[in-house]
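In what follows, chains carry the letters A, B, and so on, assigned in the order in which the sequence lines appear, proteins first and then strands, with residues in each chain numbered from 1. Given the structure is predicted, the values throughout are model-derived calculations rather than measurements.
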Amino acid sequence: MSEHNKKTNQPPTQSVHWADITADRIIREKGDKEYYTCASGVTPSGTVHIGNFREIISVELVARALRDKGQKVRFIFSWDEYDVFRKVPSNMPEPELLATYLRKPITLVPDTTGEFESYARRNEAAVETVLPIVGVNPEFIYQARHYRASEYAEGIRTALEHRQELREMLNQHRTSPLAEDWWPVSVFSNFTDKDTTTVLGWDGEWGLTYRCEETGKEETVDIRTTSAVKLPWRIDWPMRWAKESVDFEPAGKDHHSEGGSFDTAKHTVAVFGGTPPVTFQYDFVRIKGKGGKISSSSGDVVSIEDVLEIYTPEIVRYLFAATRPNSEFAISFDLDVLKIYEDYDRCERIYYGVQQVNEKKRAKELRNYELSQVDKAPGQIPYQIPFRHLCNMLLVNNGDIDAVIASLEDITEAQIPGLAIKCRCAWNWIKLYAPEDFTYTLQTENDPAQELSAPLSACVKNFSAVVEQLDAYDEKRLAEEIYAIAHAHDVLPADFFTAVYQVLIGKEKGPRLASFILTCGKARIHEILKRYT
RNA sequence: GGGCCGUUAGCUCAGCUGGUAGAGCAGCAGACUCUUAAUCUGCGGGUCGAAGGUUCGAUCCCUUCACGGCUCACCA
């Protein structure tokens with residue numbers, strides 16, 4: 001990296017990447033600290049989707065930026081599983097059974113598949129398994145555990161003490177003000193586990209009295225020992241900011257709007273003796289090109305696994321790192337996938353100095369590449385192969401990844417694992433999302449032979465003879481030869497092309513023929529053509 | 001009603017610490033009698049939504065307006 005200190009004595013690493021800028025802001029606004037706490041959190045009320053992931057990866061990237069500046073970071077991730085189960089998502093099995101658990105904390109809802117100890121745990125586990133794959137390793141905080149252990153008792157009491165103040169703050173943005181008898185807590189009934197309860201009073205210390213609306217029973221609980229009392233989201237959030245001393249936490253635009261929960265928490269956090277974290281707003285993630293092939297079981301939720309199925313972990317990071325958080329972008333499952341892979345490969349070439357660009361662009365791509373790495377960038381450039389070509393090789397080899405890799409003569413041992421992942425993604429994409437025109441299968445003896453007119457049949461025979469000498473041809477010469485064959489038999493080239501595609505892949509069109517033949521290799525083509533000779 | 005974001009080449013968008021714009025795709029031409037979003041090369045004058053302002057200078061800063069989108073005001 002060359003220094004260009006046009007200005008002051010700024011270090012040469014003066015990055016314009018949003019993660020670095022945010023990291024600088026955190027250090028500046030929060031001052032010198034032993035470590036900086038970066039927080040993220042999700043409510044596991046359903047499948048955690050790729051939109052939620054933007055939150056997580058945003059924190060990860062900022063955390064890494066801080067570490068790259070030599071700072072220590074505590075990256076916490078809160079599972080808000082003590083939140084009430086309000087609605088059964090459309091993609092969950094056994095919705096009727098789940099519906100009977102509405103109004104209870106998510107952590108008490110059973111996993112209807114029986115694989116996990118709870119519905120919440122099932123949703124959490126899916127994420128916890130996948131995050132390390134993309135290089136995200138936060139410290140998980142399970143809110144149910146904390147609430148049940150009454151670790152938030154002090155916070156709850158503080159909220160109760162500031163009841164009127166909180167009410168007024170929240171009322172600032174409400175159309176209808178909170179009732180006079182509003183309490184900044186919600187209570188899960190000890191009789192039903194549901195939050196259909198009414199707070200009747202608080203003794204000014206640790207005793208809270210409520211009535212369970214379903215049973216009509218009343219009781220007084222001790223905040224220091226009960227698991228029944230929880231803070232509602234808008235209060236819970238600032239309480240945790242104060243408790244964990246959160247220095248940075250982004251939020252979606254829904255929270256960030258004036259009157260949204262981040263906005264109110266920003267003010268109410270003072271009640272708990274804290275200050276609001278440095279933040280930014282991130283926009284939503286759209287999905288493109290996944291229509292039609294979504295399995296009914298996943299509804300229209302796109303999970304992180306769904307994305308990792310067709311994009312490598314590095315590219316998943318790249319997608320988010322290279323996009324400013326406050327702008328919306330689409331994750332594509334259609335032909336854009338090719339472009340994304342090519343963009344990333346280009347970024348990689350720039351990083352390894354294989355491709356030259358101007359200094360400004362280079363600096364930018366360099367940082368994007370670094371942040372996209374799950375770990376450190378490999379010492380040697382990963383094996384590069386155009387995604388489209390890779391797809392063709394996989395199609396020709398019927399998805400046999402080992403065969404594809406074995407056919408590459410210039411690949412090194414160290415490059416193989418990375419390419420294998422890329423191959424799996426490519427093959428998944430072909431199977432799941434590639435347009436029909438894009439895919440094909442080489443014909444076998446089990447497929448019916450094409451009936452060809454006499455001239456075309458002669459062409460194919462002639463072509464077969466050429467294939468016997470395939471080693472002698474390069475792409476250009478082979479292309480010329482194909483035309484020559486057509487002309488020799490007085491056949492229109494277009495008709496000959498169609499015939500060859502019919503014979504080879506049973507379709508009227510296919511990949512650019514000459515290069516396709518060479519990719520397939522003599523043996524495969526010969527195998528198909530032999531019954532036409 | 002409040003907040004946020006956008007409005008740049010036919011299309012999708014870059015351009016973010018101000019120095020009169022740049023990629024991909026499409027298009028055109030050629031290499032090759034070439035079919036596919038799968039070869040390579042060449043070709044980019046678009047009032048940077050409108051009007052004011054600051055400045056030696058604005059796509060980039062400020063103000064106002066128009067249009068589009070999202071979001072909050074119920075819960076998280």
Task: R174(A) side chain near C75(B) phosphate (N/O to OP1/OP2, under 4.0 Å) - done: yes
Task: Side chain of N326(A) - closest among G15(B), A76(B), C5(B) - done: C5(B)
Open item on the list: So S45(A), base contact, sugar-phosphate only, or nothing? Heavy-atom distance under 4.0 Å.
Closed with: nothing
Open item on the list: Assuming nearest nucleotide by heavy-atom distance, tell me which of E328(A) and L231(A) is located more 5' along RNA chain B.
Closed with: E328(A)
Open item on the list: Within the 4.0 Å heavy-atom criterion, would you say L513(A) contacts the bases, only the backbone, or no part of the nucleic acid?
Closed with: base
TODO: Among the candidates U35(B), A76(B), G3(B), find the nucleotide nearest to the side-chain atoms of Y501(A).
DONE: U35(B)
Task: Check: Q143(A) side chain, Y82(A) main-chain N or O, donor-acceptor pair, under 3.5 Å - done: no
Task: Given A37(B), U71(B), A76(B), the nucleotide with the shortest approach to the side chain of S257(A) - done: U71(B)
Open item on the list: As a test of reading the structure: which of U71(B), G15(B), C4(B) is closest to the side chain of D254(A), going by heavy atoms?
Closed with: U71(B)
Task: Distance test, side-chain N/O of T175(A) to OP1/OP2 of C74(B), below 4.0 Å - done: yes
Open item on the list: Nearest to the S261(A) side chain among C74(B), U71(B), A76(B), which nucleotide is it?
Closed with: A76(B)
Open item on the list: At less than 3.5 Å, do the side-chain atoms of R234(A) and the base atoms of C75(B) form a donor-acceptor pair?
Closed with: no
Open item on the list: Is it the case that the side chains of W237(A) and S261(A) hold a donor-acceptor pair, with the cut-off being a distance below 3.5 Å and no angle test?
Closed with: no
Task: Selection from A76(B), G69(B), A37(B) that lies nearest to any side-chain heavy atom of H255(A) - done: A76(B)
Task: Residue whose nearest RNA chain B nucleotide is more 5′ - T43(A) or A484(A) - done: A484(A)
- [ ] Could you verify whether a donor N or O on one side chain and an acceptor N or O on the other, from D83(A) and S45(A), lie under 3.5 Å apart?
- [x] no
Open item on the list: Students often get this wrong, so: under 4.0 angstrom with heavy atoms, is P386(A) touching a base, only sugar-phosphate, or nothing?
Closed with: nothing
- [ ] Choose from G15(B), C70(B), A76(B) the nucleotide whose nearest atom is closest to any side-chain atom of K253(A).
- [x] C70(B)
Task: Pairwise side-chain contact, T312(A) with Y341(A), heavy-atom cut-off 4.5 Å (strictly under) - done: yes
TODO: State the pairing partner of U59(B); accept Watson-Crick or G-U wobble contacts with both distances under 3.5 Å, and report none otherwise.
DONE: none
Open item on the list: Using OP1 and OP2 only, check whether a side-chain N or O of R25(A) sits under 4.0 Å from U17(B).
Closed with: no
Task: Residue K339(A), side-chain atoms from C-beta onward, closest of G15(B), G24(B), U35(B) - done: G24(B)
Open item on the list: I'd like the C1' distance from G18(B) over to U59(B), given in whole Å.
Closed with: 10 Å
- [ ] May I ask you to say whether D68(A) pairs ionically with R367(A), meaning some side-chain N is under 4.0 Å from a carboxylate O?
- [x] yes
TODO: Among A76(B), G3(B), G15(B), find the nucleotide with the atom closest to the side chain of E258(A).
DONE: G3(B)
